[in-house]
Trainee: 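Encoded as structure tokens, here's the structure I'll be asking about.
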Amino acid sequence: MKIYDQINEAAAFVKSRTALLPDVGVVLGSGLGEFAETLEKKTVIPYGEIPHFKEVKVKGHAGRLVIGKVRGKAVGVLQGRYHYYEGFDINEVVFPVRLLCGLGIEKLLLTNAAGGIAPNLEPGDLMIIRDHINMMGINPLRGENDDRLGPRFPDMSRVYDENLSDITADNMRSLDIAVKKGVYLALSGPSYETPAEIKMLSALGADVVGMSTVPEAIAARHMGSRVAAISCITNMAAGISKKELDHKEVTETANRVKDSFIELLSAVIPRY
Ligand code: HPA
């Protein structure tokens, strides 16, 4: 079955569960799941019930689509994402975002955990992604293009919407969160990088490194949604600090920042 038809089937299923159609889509990264609980008038749909969704494997990711309102704004929240490193096909990774686009979202906010490379970053910082470098070795648009979804060769010169970024920066200032902006470089993972690799990535212009977000941003731009993204710097990348990398540090930092990150999401989403 064509992806276009899969999206329509999944969208029809969601519409049979709720009459609320999201205007803004949100993908919650590690540790941010709680945000979905704050929605008003929510409809919760486990991924397993949605046609063409895969079963989620990563611990700590609930794997649910939550549709509701944030201060009056209709949102569709993906609580848990599919990572390429889990072994999913890249079309499976981006399917939830394609569904949100199929439901009619016009803006998508992506969040993630990332390792800090740039010297102005430290663990606990939030960074607005202003551009990305795709070094995952894959592209979700590979294969026959369906013109009903988007163009064969979509422009990527402005993936991250300047207007949405300005709104985000504005709310960060109001909440006393330092405003940092930078380039997110995506690798497939799941092993963390070597210090030599981080030195290379730094030379290539990366401010942070992570294992998600970029395929979702590409798929959403392809379907015409505007995109914004925020990284939580959970650790300094390999060799930037002397510390060895440990997934525990990633989850601990994500947890420590969670409350202010969630406060930021609640403030920006209604203004998107
Ligand atoms: N590298 C890659 N992905 C990550 C990191 C990192 O240091 N931290 C959180 N996600």
Side-chain angles (χ1 to χ4, degrees), residues 26-32 35 109-136 156-187 189 191-214 216-217 227-269 271-272:
V26 183
V27 180
L28 298 176
S30 306
L32 283 178
F35 171 73
L109 174 57
L110 300 165
T111 63
N112 61 47
I117 299 174
N120 67 324
L121 296 172
E122 55 184 330
D125 280 347
L126 298 183
M127 190 199 82
I128 295 171
I129 298 178
R130 61 172 176 78
D131 204 349
H132 74 224
I133 299 173
N134 180 12
M135 284 187 69
M136 275 190 156
M156 290 284 136
S157 38
R158 285 197 186 91
V159 177
Y160 302 92
D161 191 274
E162 214 173 287
N163 190 243
L164 298 180
S165 298
D166 287 348
I167 293 171
T168 309
D170 186 56
N171 280 100
M172 287 172 88
R173 277 182 220 105
S174 310
L175 291 168
D176 254 332
I177 300 169
V179 178
K180 310 212 170 168
K181 296 184 183 181
V183 172
Y184 177 96
L185 185 145
L187 295 175
S191 52
Y192 287 122
E193 303 71 33
T194 64
E197 284 165 345
I198 291 300
K199 208 168 157 185
M200 172 189 76
L201 302 182
S202 173
L204 291 177
D207 295 303
V208 301
V209 59
M211 307 173 190
S212 68
T213 304
V214 164
E216 295 155 351
V227 173
I230 308 169
S231 284
C232 172
I233 315 309
T234 50
N235 57 281
M236 293 318 287
I240 300 285
S241 92
K242 297 281 160 270
K243 262 207 325 229
E244 278 183 29
L245 294 200
D246 179 356
H247 184 60
K248 236 177 83 190
E249 186 191 357
V250 170
T251 51
E252 278 170 8
T253 310
N255 256 317
R256 173 162 67 81
V257 198
K258 163 182 90 179
D259 289 345
S260 66
F261 204 161
I262 288 175
E263 213 180 342
L264 177 63
L265 296 182
S266 307
V268 296
I269 289 165
R271 297 181 65 212
Y272 272 14

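All values below come from the heavy atoms of this structure, side chains included, with hydrogens, waters and symmetry mates left out.
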Trainee: Taking only residues two or more places apart in sequence, or in another chain, which ones meet Met200 in a side chain to side chain contact (heavy atoms under 4.5 Å, CB included)?
Mentor: Met135, Leu204

Trainee: Mind checking side chain to side chain donor-acceptor pair (under 3.5 Å) for Asn112 and listing every partner two or more places apart, or none if nothing turns up?
Mentor: Thr213, Ser231

Trainee: For Ile240, enumerate each residue passing the side chain to side chain contact (heavy atoms under 4.5 Å, CB included) test, keeping only those at least two apart in sequence or located in another chain.
Mentor: Ile117, Ile198, Met236, Ala237

Trainee: Using the test salt bridge (Lys or Arg N to Asp or Glu O under 4.0 Å), find all partners of Glu162 that sit at least two apart in sequence or belong to another chain.
Mentor: none

Trainee: Quick test of your reading: applying ring-ring contact (aromatic ring centres under 6.0 Å, His included), list the pairs with at least one residue in residues 158-183, sequence neighbours left out, ordered by first then second residue.
Mentor: His132-Tyr160

Trainee: Lys181: which residues meet the salt bridge (Lys or Arg N to Asp or Glu O under 4.0 Å) condition with it, sequence neighbours left out?
Mentor: none

Trainee: So do the side chains of Leu201 and Leu187 get within less than 4.5 Å of each other, counting heavy atoms only?
Mentor: yes

Trainee: Please identify each residue that fulfils side chain to side chain donor-acceptor pair (under 3.5 Å) with Asn171, with sequence neighbours left out.
Mentor: Arg271

Trainee: Answer yes or no: is there a side-chain heavy-atom contact under 4.5 Å between Asn235 and Thr253?
Mentor: no

Trainee: Considering residues at least two apart in sequence or located in another chain, which fulfil the side chain to side chain contact (heavy atoms under 4.5 Å, CB included) criterion with Ser165?
Mentor: Ile128

Trainee: If the condition is side chain to side chain donor-acceptor pair (under 3.5 Å), which residues does Asp125 pass it with, not counting sequence neighbours?
Mentor: Lys180

Trainee: Once side chain to side chain contact (heavy atoms under 4.5 Å, CB included) is applied, do any residues pair with Thr194, and if so which ones, sequence neighbours excluded?
Mentor: Ala196, Glu197

Trainee: Taking salt bridge (Lys or Arg N to Asp or Glu O under 4.0 Å) as the definition, give me every residue that meets it alongside Asp161, ordered by chain and number, with sequence neighbours left out.
Mentor: Arg226

Trainee: Can you sort out the partners of Tyr192 under side chain to side chain donor-acceptor pair (under 3.5 Å), two or more places apart, ordered by chain and number?
Mentor: none

Trainee: In the structure I gave you, are the side-chain heavy atoms of Asp207 and Tyr184 within less than 4.5 Å of one another anywhere?
Mentor: no

